[in-house]
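Structure, as structure tokens:
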Number of protein chains: 2
Amino acid sequence: MKHKGIPDETIRRLPVYLRGLIFLQEGGQDRISSSKLGDFVGVQSWQIRKDFSYFGEFGVRGVGYEIKKLIDGIKEILKLNKVQNAALVGAGNLGSAILSYPGFELYGFNVTMAFDNNAKKIGKKIKSIEIMDVSKLDILKKKNVRLGIIAVPRSEAQEIANALVKAGVKGILNFSPCYIMVPKKVKVMTIDIAGYLARMPYYTLNG
Amino acid sequence: MKHKGIPDETIRRLPVYLRGLIFLQEGGQDRISSSKLGDFVGVQSWQIRKDFSYFGEFGVRGVGYEIKKLIDGIKEILKLNKVQNAALVGAGNLGSAILSYPGFELYGFNVTMAFDNNAKKIGKKIKSIEIMDVSKLDILKKKNVRLGIIAVPRSEAQEIANALVKAGVKGILNFSPCYIMVPKKVKVMTIDIAGYLARMPYYTLNG
DNA sequence: TTGTGCATGTGAACGCAATCACAAGTTCGG
DNA sequence: CCGAACTTGTGATTGCGTTCACATGCACAA
């Protein structure tokens, strides 16, 4: 199933809906209206209905949405039905935190491998995952890992990205504060943590 | 100086430009064209020119932009001229990494206080910052800290946000994967790390 | 069976941001 | 001084995503 003409912003909101719905389901609920869901996840109800409508009819008029059906639907759209493995590069403070981050599981991700270039770290374990030498990145191809997470200093990020691409990675989540160049077929998402904070004063300091 | 009618997307890109320009400046460069800068930070040249043009004329036709002038200009727009203190709540894996994160300094931020509700952590130090009891959050008012960073489990995030607002915080950077309700005068930015990863399969698994 | 209340789905209108195309200004060589 | 090569700044255009308004459909009570 190909989803053409779907706004990127809609795709960005789907994980937000998904986690809200899973939480509601865990609370024992099995049905919800767009406006209740909207209040819960912080999105307007018409936005939610519009987003879902791109993919067909998920709800029942006059009734609402069946939570399980929505969850399954979103997972299928986002292709989250199979567990996917990811590899981390850079086992510093941030990298270690990511390796231990419990939030990935919800969406079916497993960070199963970790790499670093620091000899002191190589061989050690974090959460039962052994840190390997970054020069062994090629192993990802064999292990069929298609997602890479970069948490190295800016100066090394591009080099690591090149190695990941060479190792057959299709998507890169980049925590280094820099632009990374990759072939068009590879998707890069950069999370610039400090960049978020940098916008705060603009919005909060009225002058 | 008030900046009305500036696209939010432009504001979002300013920190990207800023960090690129600072890097170029450290490399000894003092002038650059929009297209060279664009190649460096991953933005189209016309987009850069358009963004700058909202704030007046920063460059010289036929010549380019003076890097120092741009840096000063962006810092003024984003109100990054004064060092600003921030407080972290939640000294778990992610929180500790944020506390040690070196990237905030570039934009003039200092994470100067840390809080947790775990008795075992209270009193300990991370990077010379002592972890305080979360019940003492009110001290932020006295210390004039206006930015809060939330890195606690989802179940506690709203509660912590309430406490931060009560303590006079004007901006909240939220790493908990949930929607947070605050008074309109307070700005919340949520970074849902797993949410980024959750979109990867959509873009990389073609089928 | 009919009426009332509620909630979805969607075409249309609107608004914001990206993109384009080019006029205006600078530099430099000769 | 002139022309060629650059580069900025910006009005106009296009495209995308949000917002709106309401037709459509279900549930339930009487």
Side-chain angles (χ1 to χ4, degrees), chain A residues 3-17 20-21 24 29-74 77 179 195 199 202-203, chain B residues 3-17 20-21 24 29-74 77 179 195 199 202-203:
Chain A
H3 298 299
K4 272 293 185 66
I6 311 296
D8 264 355
E9 288 299 296
T10 293
I11 299 301
R12 194 183 53 74
R13 283 186 292 267
L14 290 183
V16 175
Y17 302 152
L21 289 163
L24 289 167
Q29 212 169 325
D30 61 350
R31 215 193 285 169
I32 195 163
S33 70
S34 58
S35 68
K36 292 275 170 50
L37 178 59
D39 292 345
F40 188 63
V41 301
V43 177
Q44 300 293 340
S45 62
W46 63 74
Q47 183 73 82
I48 290 180
R49 293 199 301 276
K50 184 62 129 179
D51 283 342
F52 290 159
S53 79
Y54 288 116
F55 306 99
E57 311 209 348
F58 277 90
V60 180
R61 291 165 195 242
V63 180
Y65 298 95
E66 193 188 327
I67 291 181
K68 181 172 173 1
K69 193 174 164 189
L70 267 188
I71 290 175
D72 291 345
I74 296 176
I77 294 164
Y179 170 59
R199 283 178 284 152
Y202 176 84
Y203 292 110
Chain B
H3 299 296
K4 274 289 185 65
I6 310 296
D8 265 354
E9 287 299 294
T10 292
I11 298 301
R12 193 183 53 74
R13 284 186 292 266
L14 290 183
V16 175
Y17 302 152
L21 289 162
L24 289 167
Q29 213 170 326
D30 61 350
R31 215 194 283 172
I32 197 164
S33 70
S34 59
S35 68
K36 292 274 171 50
L37 178 59
D39 291 344
F40 189 63
V41 301
V43 177
Q44 300 293 339
S45 62
W46 64 74
Q47 183 73 80
I48 290 181
R49 293 199 300 275
K50 183 65 127 180
D51 283 341
F52 290 159
S53 78
Y54 288 116
F55 306 100
E57 311 208 349
F58 277 90
V60 180
R61 288 167 196 238
V63 180
Y65 297 95
E66 193 187 326
I67 291 182
K68 181 171 172 4
K69 194 175 165 188
L70 266 188
I71 290 176
D72 291 346
I74 295 175
I77 294 164
Y179 171 60
R199 283 178 284 151
Y202 176 84
Y203 291 111

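Proteins come first, then strands; the chains are lettered A, B, ... in the order of their sequence lines, and each starts at number 1. Heavy-atom basis, side chains included; hydrogens, waters and symmetry copies ignored.
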*Is any side-chain heavy atom of B:Leu14 closer than 4.5 Å to a side-chain heavy atom of B:Phe55?*
yes
_I want to check something: taking the side chain as every heavy atom from C-beta on, are B:Ile11 and A:Tyr203 in contact at a cut-off of under 4.5 Å?_
yes
[X] has an atom [atom1]; how far is it from atom [atom2] of [N], in whole Å?
X: A:Glu9; N: C:dG15; atom1: CD; atom2: C1'; result: 15 Å
X: A:Ile6; N: D:dG15; atom1: CD1; atom2: P; result: 19 Å
X: B:Lys36; N: D:dC6; atom1: NZ; atom2: P; result: 10 Å
X: A:Arg31; N: D:dC26; atom1: CZ; atom2: C1'; result: 10 Å
X: A:Asp51; N: C:dT10; atom1: CG; atom2: P; result: 13 Å
X: A:Trp46; N: D:dA21; atom1: CH2; atom2: P; result: 10 Å
X: B:Ile32; N: D:dC6; atom1: CD1; atom2: P; result: 17 Å
X: B:Phe55; N: D:dG9; atom1: CZ; atom2: C1'; result: 15 Å

*Tell me whether the OP1 or OP2 atom of C:dA7 has a side-chain N or O from A:Ser34 closer than 4.0 Å.*
no
*Is any side-chain nitrogen or oxygen of A:Tyr65 closer than 4.0 Å to OP1 or OP2 of C:dG9?*
yes
Out of [options], which nucleotide sits closest to the side chain of [X]?
X: A:Lys50; options: D:dT18, C:dT8, D:dC26; answer: D:dT18
X: A:Ser53; options: C:dT10, D:dT18, D:dC26; answer: C:dT10
X: B:Glu57; options: C:dT10, C:dC20, D:dG9; answer: D:dG9
X: B:Val63; options: C:dT27, D:dT18, C:dA7; answer: C:dT27
X: B:Gln47; options: D:dC26, D:dT19, C:dT19; answer: C:dT19

*Could you go step by step and tell me if B:Val43 and A:Tyr179 meet the side-chain contact (heavy atoms from CB on, under 4.5 Å) rule?*
CA-CA 9 Å; B:Val43 177; A:Tyr179 170 59; over 6 Å; no
*When only distance counts, do a donor and an acceptor, one from the side chain of B:Arg61 and one from the base of D:dG9, lie under 3.5 Å apart?*
no
*Locate the shortest heavy-atom distance separating A:Ile67 from A:Gln29; write the atom from each residue and the value.*
CD1-O, 3.7 Å
*asked:* Classify B:Arg13 by what it touches in the nucleic acid, base, sugar-phosphate, or nothing, heavy-atom distance under 4.0 Å.
replied: sugar-phosphate
_Expected output: side-chain B:Glu57 to main-chain B:Gly59 donor-acceptor under 3.5 Å_ = no
